[in-house]
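Since the structure comes first, as structure tokens, the remarks are kept for the end.
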Amino acid sequence: MAVHKFNRYMDYIRTHRLIRFVLASAIVLLLAGIICAIFFGTWVRLFIDHGRLTPEWQRPAEASSGRQRRAAAVSGRPTADEELVLRPGSMTFEWWARPPVRPFVKVYVYNVTNADEFLNNGSKPVLDELGPYIYSQEWEKVNITDNENGTLSFHYKRTYTYRPDLSGRSDDDAVVVPNIPMLSATSQSKHAARFLRLAMASIMDILKIKPFVEVSVGQLLWGYEDPLLKLAKDVVPKEQKLPYEEFGLFYGKNGTSSDTVTMFTGYEDMRKYGIFERYNARDKLPHWTTDQCNSIAGSDGSIFPPHITKNDTLKVYDKDLCRLLPLQYLRDVESPAGVQGYRFTPPLDVFAADDHNRCFCPAGPPCAPSGLFNVSLCQYDSPIMLSFPHFYLADESLRDAVEGISPPEPEKHRLYIDVQPEMGIAMSARARIQINLAVSQVVDIKQVANFPDIVFPILWFEEGIDELPEQVSSLLRLATKAPPIARAALGWGLSAFGVLLLLLAVTCLIRSSHRQSTLRLEGHAVAKPPPAKVPSKDNGYELNNRR
Ligand SMILES: *[C@@H]1O[C@H](CO)[C@@H](O)[C@H](O)[C@H]1NC(C)=O
Ligand SMILES: *[C@@H]1O[C@H](CO)[C@@H](O)[C@H](O)[C@H]1NC(C)=O
Ligand SMILES: *[C@@H]1O[C@H](CO)[C@@H](O)[C@H](O)[C@H]1NC(C)=O
Ligand SMILES: *[C@@H]1O[C@H](CO)[C@@H](O)[C@H](O)[C@H]1NC(C)=O
Ligand SMILES: *[C@@H]1O[C@H](CO)[C@@H](O)[C@H](O)[C@H]1NC(C)=O
Ligand SMILES: *[C@@H]1O[C@H](CO)[C@@H](O)[C@H](O)[C@H]1NC(C)=O
Ligand SMILES: *[C@@H]1O[C@H](CO)[C@@H](O)[C@H](O)[C@H]1NC(C)=O
């Protein structure tokens, strides 16, 4: 066997092996690219939930108690960094406990400008909407206790600061509003014995209590001394006592709340992330007729269980609203910082007087008119009715009963929350609620004898956040935009590299097959060397020639 030919043959084999290797790599890369493109979303999802890339079914069997799991996590298994779960020390926990946001409350007060004519002449009340009176807020959760069972207990602490610079007016402005403690008492006495009503009338005469009061906006919100409440505090037996002698619509909200709240952290079940488990040791409300309506299994509106789809109904629980507020997808939004999100808003029939709201009317029928929500059971039996501002989504007749309220506009008066769907974080929000007083006419009490049955609007407010700070926004942008980009980059990159290698392999293959035919050709040439060929020092040639 000629050495030269053997060398060439080995060369040929080597080239072929290389080509086969390149070909295999190309195919692997192509497949990797495709798999990456398909499954990357799932990985990101797993990472958001658990901070690990092992799917649920591949994890070792979970230790039963939270404490054991935590111990396992600490021991270095990759379950350690579940970033979204609210665990002391994690990034989301810090944001949750002390949100780096600047929430605000804008209050609009309906000043009554014709109180005397309304009472004496039967005119419609003429209202003048004053505002906004703007307060900035600071949110904090204090006395946080980890219950070691996937829940945290804590107290809300909210500090309000009046911002004359933003409001352009003072909250010392004097306004004329219905006397809510008085009208609550008279409306409640409607079904009491007649002598009680007469007694009430004389007490009110002595205390010089009138159906309208002139107070400052600050007093209306944060409290003023009310003679009736003071009296009640002194005479009513201890157990029936109202908790305060001051009256204010936001009374007691500035500072640490006395309510102990227990919330799921997402440790056991991400679908309960940020959902209330208990509110003051109760796991449901006592007021309504069905378990569904008594449920408090909602979030406070700042975080939601992640992976929100457009079909989901988000639920927000608010103590003052006295029920869960369902929110449904409205449209896509993009925040000024460039984070994509969904806008969620209550369905149009949320306060409708229909069958699905019958459970909220234990004393009825008759029930509250469409568009109003009767919270009197949560407000010490005061006939307080909540609605959306300007009676948005409510019966036209309510707005017609007064003068000075412009027709509702969805963009200005709708309640909404913009969420980042993958992580379930609220990016911006407007919680808009109007407080109304449902007055019942009581002719036996002379001070209010001319006060007709009416739903009297008092004020509306808008509580919200405009924008998350840049550090949070950039993280959210990463969560929304990075996965698709990364997936595209990775998938396309791998695929492109695969294609390149494939081309290389094919080129090599063609080249080598070309060379192979050259080899054969050369074999022929051996038999019949070209005549022009001059014998050279080339070994191969000489060897060939000799043969
Ligand atoms: C509210 O209305 C009353 C008249 O009823 C008026 O005297 C008062 O100035 C008004 N308040 C403001 C801040 O405009
Ligand atoms: C009461 O109403 C009558 C007729 O509607 C009107 O003439 C009169 O001026 C009103 N009185 C006041 C104080 O507005
Ligand atoms: C913190 O919470 C615990 C248990 O809920 C309670 O006993 C304690 O009084 C609270 N401390 C403060 C300062 O609220
Ligand atoms: C977790 O523990 C707290 C405090 O002991 C308790 O109030 C709560 O109901 C428990 N939650 C669950 C889901 O077991
Ligand atoms: C709320 O409380 C803080 C301090 O506790 C106080 O500085 C602030 O003025 C209060 N805000 C209002 C609106 O009363
Ligand atoms: C949402 O619900 C509609 C109708 O119920 C259904 O056709 C659609 O597939 C659902 N979409 C998702 C993403 O679940
Ligand atoms: C509001 O609810 C209370 C308590 O259930 C009830 O007594 C009252 O009649 C209700 N008001 C209206 C207007 O339905």
Side-chain angles (χ1 to χ4, degrees), residues 107-133 169-190 197 200-231 246-251 369 372 376 379 382-387 389-391 394 397-406 434-461:
V107 181
Y108 297 81
V109 181
Y110 294 115
N111 189 20
V112 183
T113 58
N114 67 338
D116 288 338
E117 289 92 273
F118 168 70
L119 284 178
N120 302 326
N121 224 355
S123 344
K124 276 189 192 179
V126 177
L127 307 178
D128 182 17
E129 183 182 315
L130 299 174
Y133 296 92
R169 59 182 85 225
S170 160
D171 67 349
D172 289 337
D173 284 358
V175 290
V176 176
V177 289
N179 186 341
I180 297 172
M182 177 205 199
L183 291 165
S184 297
T186 59
S187 297
Q188 278 174 49
S189 74
K190 198 174 166 187
R197 289 199 292 275
M200 207 182 241
S202 35
I203 290 170
M204 287 173 177
D205 219 15
I206 295 163
L207 293 173
K208 297 193 173 57
I209 297 173
K210 301 234 162 50
F212 285 94
V213 288
E214 185 170 341
V215 289
S216 76
V217 172
Q219 285 177 317
L220 176 66
L221 296 177
W222 306 108
Y224 58 93
E225 201 163 280
D226 182 80
L228 211 57
L229 291 186
K230 201 165 174 342
L231 180 77
E246 283 196 79
F247 173 81
L249 289 169
F250 290 178
Y251 184 83
L372 294 182
S376 93
Q379 297 291 334
S382 299
I384 303 278
M385 300 267 186
L386 300 181
S387 69
H390 288 216
F391 293 113
S397 61
L398 294 168
R399 198 170 59 83
D400 282 346
V402 296
E403 261 169 52
I405 297 187
S406 65
Q434 177 169 302
I435 299 174
N436 312 285
L437 187 70
V439 182
S440 302
Q441 189 165 22
V442 181
V443 289
D444 292 336
I445 301 177
K446 64 173 189 288
Q447 289 90 340
V448 295
N450 293 329
F451 210 120
D453 283 353
I454 186 171
V455 175
F456 212 110
I458 310 289
L459 60 76
W460 68 273
F461 64 90

Heavy-atom pair with the smallest gap, counting every atom of [X] and [Y]:
| X | Y | value |
| --- | --- | --- |
| I458 | L249 | CG2-CD1, 3.9 Å |
| G223 | Y251 | CA-CD1, 4.1 Å |
| L228 | A185 | CD2-CB, 4.1 Å |
| N114 | S123 | ND2-CB, 4.2 Å |
| P457 | V402 | CD-CG1, 4.0 Å |
| P383 | S376 | CA-CB, 4.1 Å |

Next on the checklist: Determine whether I206 and I203 satisfy the following criterion, side chain to side chain contact (heavy atoms under 4.5 Å, CB included), listing intermediate values before the conclusion.
Outcome noted: CA-CA 5 Å; I206 295 163; I203 290 170; 5.5 Å; no
Can you measure from [atom1] ([X]) to [atom2] ([Y]) and round to the nearest 0.5 angstrom?
| X | Y | atom1 | atom2 | answer |
| --- | --- | --- | --- | --- |
| T186 | I209 | OG1 | CD1 | 10.5 Å |
| M385 | L398 | CE | CG | 9.5 Å |
| R197 | S202 | CZ | OG | 13.0 Å |
| S440 | Q188 | OG | CD | 10.0 Å |
| R169 | L130 | CZ | CG | 6.5 Å |
| Q434 | I405 | CD | CD1 | 5.5 Å |

Are side-chain heavy atoms of [X] and [Y] found at a separation under 4.5 Å?
| X | Y | value |
| --- | --- | --- |
| F456 | P125 | yes |
| L437 | S184 | yes |
| F391 | L372 | yes |
| L221 | L459 | yes |
| L386 | I435 | yes |
| V112 | F212 | yes |

Checklist outcome for this item: Those residues at least two apart in sequence (or on a different chain) that pass salt bridge (Lys or Arg N to Asp or Glu O under 4.0 Å) with D173 are none
Checklist outcome for this item: Residue set satisfying salt bridge (Lys or Arg N to Asp or Glu O under 4.0 Å) with D205, at least two apart, ordered chain then number -> K446
Checklist entry - F250: what forms a ring-ring contact (aromatic ring centres under 6.0 Å, His included) with it, not counting sequence neighbours? => result W222, F461
Taking [X] for the side chain and [Y] for the main chain, is one N or O donor matched with an acceptor at less than 3.5 Å?
| X | Y | value |
| --- | --- | --- |
| D128 | N111 | no |
| Q219 | G248 | no |
| K124 | D400 | yes |
| E403 | L127 | no |

Checklist entry - Do the ring planes of Y224 and F247 sit parallel (below 30°), tilted (30 to 60°) or perpendicular (above 60°)? => result perpendicular
Checklist entry - Angle class for the H390/Y110 ring planes (parallel below 30°, perpendicular above 60°, tilted otherwise)? => result tilted
Item to check | Working for side chain to side chain contact (heavy atoms under 4.5 Å, CB included), residues V177 and V213 | outcome: CA-CA 6 Å; V177 289; V213 288; 3.9 Å; yes
Item to check | Stepwise side chain to side chain contact (heavy atoms under 4.5 Å, CB included) check, D226 with I180 | outcome: CA-CA 10 Å; D226 182 80; I180 297 172; over 6 Å; no
Checklist entry - Run the side chain to side chain contact (heavy atoms under 4.5 Å, CB included) check on M204 and V448 step by step: do they pass? => result CA-CA 10 Å; M204 287 173 177; V448 295; over 6 Å; no
Checklist entry - Would S387 and N436 count as having a side-chain donor-acceptor pair, cut-off 3.5 Å? => result yes
